[in-house]
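These notes are about the structure you will find just below.
All residue numbers in this chain count up from 1 along the given sequence. Just follow the structure's listing: the first ligand is 1, and inside any ligand the first atom is 1.
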Amino acid sequence: MTRVLFTGFEPFGGESVNPSWEAAALAAAEPPPGVEAVAVRLPCVFGDALDELRAAVRRTGPELVVCVGQAGGRPNVTLERVAVNVDDAAIPDNAGRRPMDLPVVPGGPAAYFATLPIKACLAAVREAGVPASVSQSAGTFVCNHVFYGLMHLIATDHPGVRGGFVHLPYAPEQVLARAAPSLPVADAARALRVVAATAATRSTDLRLGAGAVA
Ligand code: PCA
């Protein structure tokens, strides 16, 4: 059995749901064969989100950590490649904090790569019928903050744990009255299960072109 920690976020930015939490909870409730999973909901707050993530990693002792967030406007499930050491918030977080041009970890490396096999996960998610791509930036808001903090935590305190970040489109209920792409939460949860199952069964990645021109 591979122990997997999924995290999702509380709603932010005026939304009443966050598909990342809904999908993480669904995926953890019915994990794929060979995986035992826990889901933890993080506050959308700089600093506090990372404190809760660290506590959850300590408490649950996972082998894999898959953090999940909402990326409203994106058309598909995105597997994040890289976390950068920058907090630069375009909107206030749920505690009204709005850091600008600050490091996530003072003195930390400029960036970390996800240690999930993102190309193999990409292929498997598509194979499962869910549209997906690789993203080259998780932004500079709370999701990147948590992704960078996760990878720093792993690098410093939990060698052997592998981690990464998945961004999800809006859920359909969020876009009923606006022109934006959406993905049913059940499909997002299926994608998360496939990511966990793929990462649990392979440590080396596939070589598959999924870069961006710009
Ligand atoms: N998405 C935000 C933070 C919480 C979430 O679900 C982001 O992409 O940074």
**Study point:** Pair Arg178 + Glu173, salt bridge at N-O below 4.0 Å
**Key:** no
Review point. What's the shortest heavy-atom distance between Ser133 and Asn76, and which atoms?
Key: OG-OD1, 3.2 Å
Point to revise | Proximal atoms of ligand 1 relative to Asn18 (non-hydrogen, under 4.0 Å) | key: 5 (C), 6 (O)
Review point. Got a donor-acceptor contact below 3.5 angstrom from the Arg81 side chain to the Val134 backbone?
Key: no
Study note, to complete from the structure: Any heavy atom of His167 under 4.0 Å from ligand 1? The part involved is side chain
Check your understanding: Which atoms of ligand 1 have any heavy atom of Gly69 under 4.0 Å away?
Key -> 6 (O)
Exercise for review: With heavy atoms under 4.0 Å as the rule, classify the contact between Cys44 and ligand 1 as side chain, backbone, both or neither.
Suggested key: side chain
Check your understanding: Looking at Phe12, which atoms of ligand 1 are within less than 4.0 Å of one of its heavy atoms?
Key -> 1 (N), 2 (C), 4 (C), 5 (C), 6 (O)
Study note, to complete from the structure: The protein heavy atom nearest to atom 2 (C) of ligand 1 is Cys143 SG, 3.1 Å
Check your understanding: Salt bridge check: are Arg98 and Asp87 linked by an N-O gap of less than 4.0 Å?
Key -> no
Practice item. Taking the six-membered ring for Trp and the single ring otherwise, decide whether the centroids of Phe165 and His167 are under 6.0 Å apart. Key: yes
**Study point:** Subset of ligand 1 atoms that lie under 4.0 Å from at least one heavy atom of Phe9
**Key:** 4 (C), 5 (C), 6 (O)
Check your understanding: Does the gap between the ring centers of Tyr112 and Phe147 come in under 6.0 Å?
Key -> no
Check your understanding: For ligand 1, does Phe141 get within less than 4.0 Å through its side chain, its backbone, both, or neither, judged by non-hydrogen atoms?
Key -> both
Exercise for review: For Gln70, counting its heavy atoms only, list the atoms of ligand 1 lying under 4.0 Å from any of them.
Suggested key: 1 (N), 2 (C), 5 (C), 6 (O), 8 (O)
Practice item. Answer yes when Glu80 and Arg74 have at least one side-chain N-carboxylate O distance shorter than 4.0 Å, and no when they do not. Key: yes
